[in-house]
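The next block holds one structure in the form of structure tokens; read it before the comments.
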Amino acid sequence: MPPKESDSVEPKPPMKTQHEVSAAERVLLVGIGWKRAPRFPGMPAGELGRESLAELVELAESAGAEVAGTIFQLRDAADPATLVGRGKLEEIRAEANARQVPLIIFDSELSPVQQRNIEEVTERRVIDRTQLILDIFARHARSREGQLQVELAQLNYLLPRLTGHGAQMSRLGGKSGGGGAGGAGGGAGRIGVRGPGEKKLETDRRRIRERVRRIQESIEDVRRQRALRREARNAVPLGTVALVGYTNAGKSTLFNALSRAEVLVSSRMFATLDPTVRALRLPSNRRILVSDTVGFIRGLPKGLIAAFRATLEEVQEAAVLLEVSDISNAYHDELEQEVEKILGELAVTERPRLRVFNKVDKLSPQMREGLRAAWSRRAPGEEPPVFVSALTGEGLDELLRRVDEVLPVDPLVRLCLHVPLSEGRSLALIHALGRVMHSRVNDSHMDLEAEVPEAMAKRLKLEEFKVKGTSPSSSAYL
Ligand code: GDP
Ligand code: MG
């Protein structure tokens, strides 16, 4: 059946409430290293697993969880029934009891059977790394495509789990292991897969497949529409600055520190629409939006890549990118190269960018001086990084000055508008990025006179709301 116009699916609102990790929930994290996993010469066994677990801590914190403890085990091979051995499971259970955590997160991918068995032994909710990442994406997905992609990834994750036997056993160990986990297949179907009756399962599966199909069609629709608008869009990036970088670089801390510097009334208005976007004022008095984005994640499971990209849509629309990195991290060079690669894939390498070296408070004065000196010797024309500490506030003024320099000038236009109140986002943007002279609410509309950046006026198609007989007078920012 060809999709009718009305057939297209809206992202399901429950997405926002289906979070696996609720705010400040205490969690216990379990990581596994595989003795036979490939590794660089000189790297101790299990090192990759340990790094992965450290990243899981960061991810759990991003999802709003409080990490009550971590457990790491080096193993030869995966136990098909429970991933780790019985003894370890008992230890995990005791730890979960002692620390009073309701949720255990495994760093490795769990088969449905393993997940259930572990839940039974530990008497706790158990999720794996993929579910946690999906949870984080769901929080960040704003655009329609982003929400659809995340839901699609969630359903694709769920589908094989409904059947009670699936391909996921062979993927066991995934990114964090591989080596020793290869022989784990085949056990899943044997162990008490009762659950809901087969008939119910069949209906559920059919329903989910149907929804998957419709979501895929809707994503195609969204893409087609976007392709039509692309030209206009590229020409007019919104006055948005996007924070990009690896998980744990300090993006959210910086985001909060920057928006604390000045809380505009309109900023609060905007925050209710969009918790990861805030308005602030640059030294030149220009107003911009800052957007906190989902952090890049090492070894992202393959099934999540499309969802990850779609949640980064605001990066594609941003006028300036701030590449935040944790300068105190010994691997920050490698991480930055990874970020560069992802930005390349998003086709935004030509966008004005500033490198922000965060956490300078963790460096000794000598190290800071050394860094600065090294950068001042670099080729002229290369944008030097901005050194900041989101924690202490050091360097934030300098950062705002530099953003002012690289943000393209966008002249203001004065408009008299008659905007339906249902256009909440547009109204919030006008208030956040423009200067509203007068405004009055009449029934279902807001009448207002405002100066707004020209690019934004185009982008929001404010022409449509213009009161006839008014002619905008241009005035440039000073
Ligand atoms: P995100 O994943 O990039 O959003 O990173 P977060 O903002 O969540 O920060 C990750 C961790 O780094 C948190 O524990 C922060 O408290 C810490 N952090 C962030 N900025 C700084 C900083 O400038 N100095 C120090 N010492 N710690 C920071
Ligand atoms: Mg964050």
Side-chain angles (χ1 to χ4, degrees), residues 19 21 23-27 29 51-70 105 129 132-142 146 150 241-261 271 274-278 290-300 308 311-312 314-315 318 321-332 334-336 338-340 342-343 353-365 367-368 371-372 385-400:
H19 294 310
V21 181
E25 187 166 32
R26 287 168 63 79
V27 299
L29 307 182
E51 276 177 22
S52 179
L53 179 60
E55 192 183 48
L56 191 70
V57 172
E58 296 162 8
L59 291 172
E61 282 168 357
S62 302
E66 183 193 332
V67 177
T70 62
I105 306 178
R129 185 186 181 89
L132 175 66
I133 294 174
L134 280 169
D135 186 82
I136 295 171
F137 286 178
R139 280 161 204 267
H140 278 270
R142 263 203 301 277
V150 173
V241 170
L243 301 173
V244 301
Y246 260 94
T247 302
N248 209 41
K251 296 179 299 300
S252 301
T253 312
L254 186 61
F255 173 75
N256 286 322
L258 285 173
S259 50
R260 246 200 318 276
D274 223 336
T276 55
V277 176
R278 305 252 174 90
V290 177
S291 145
D292 187 14
T293 70
V294 62
F296 301 171
I297 297 165
R298 270 157 283 184
L300 191 66
F308 170 67
T311 57
L312 282 176
E314 69 258 57
V315 172
L321 304 180
L322 298 188
E323 290 180 68
V324 184
S325 59
D326 173 358
I327 186 73
S328 72
N329 181 327
Y331 298 107
H332 79 93
E334 283 89 338
L335 295 181
E336 277 162 43
E338 286 293 309
V339 169
E340 195 62 36
I342 295 167
L343 294 179
R353 288 192 278 165
L354 272 183
R355 304 173 71 188
V356 181
F357 284 174
N358 187 33
K359 308 198 190 182
V360 288
D361 59 288
K362 288 173 104 175
L363 304 180
S364 68
M367 284 170 82
R368 286 196 219 190
L371 266 175
R372 264 183 239 272
V386 192
F387 296 88
V388 305
S389 166
L391 206 62
T392 67
E394 179 184 344
L396 296 189
D397 290 342
E398 165 76 7
L399 176 59
L400 290 176

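Along the sequence shown, residues are numbered consecutively beginning with 1. Note that ligands are numbered from 1 as they come in the structure, with each ligand's atoms numbered from 1 the same way.
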First-shell residues of ligand 1 [heavy atom, distance under 4.0 Å]: Tyr246, Thr247, Asn248, Ala249, Gly250, Lys251, Ser252, Thr253, Asn358, Lys359, Asp361, Lys362, Ser389, Ala390, Leu391
Short side-chain to backbone donor-acceptor contact, Asn358 and Val324, under 3.5 Å: no
Donor-acceptor pair between Ser325 and Glu336 side chains, under 3.5 angstrom: yes
Where Ala60 and Val27 come nearest, the two heavy atoms and their spacing: CB-CG2, 4.4 Å
Validation row: Leu254, Leu399 side chains within 4.5 angstrom (heavy atoms): yes
Donor-acceptor contact below 3.5 Å, side chain Lys251 vs main chain Thr293: no
Lys/Arg N to Asp/Glu carboxylate O, Arg353 vs Glu340, below 4.0 Å: yes
Residue and atom, protein N/O/S, under 2.8 Å of the Mg ion (ligand 2): Ser252 OG
Sequence-distant partners of Glu394, salt bridge (charged side-chain N to carboxylate O under 4.0 Å, His left out), two or more places apart: Arg368
Partners meeting salt bridge (charged side-chain N to carboxylate O under 4.0 Å, His left out) with Glu66 (sequence neighbours left out): Arg26
Rounded distance (nearest 0.5 Å) linking atom NZ of Lys362 with atom CG of Leu391: 9.5 Å
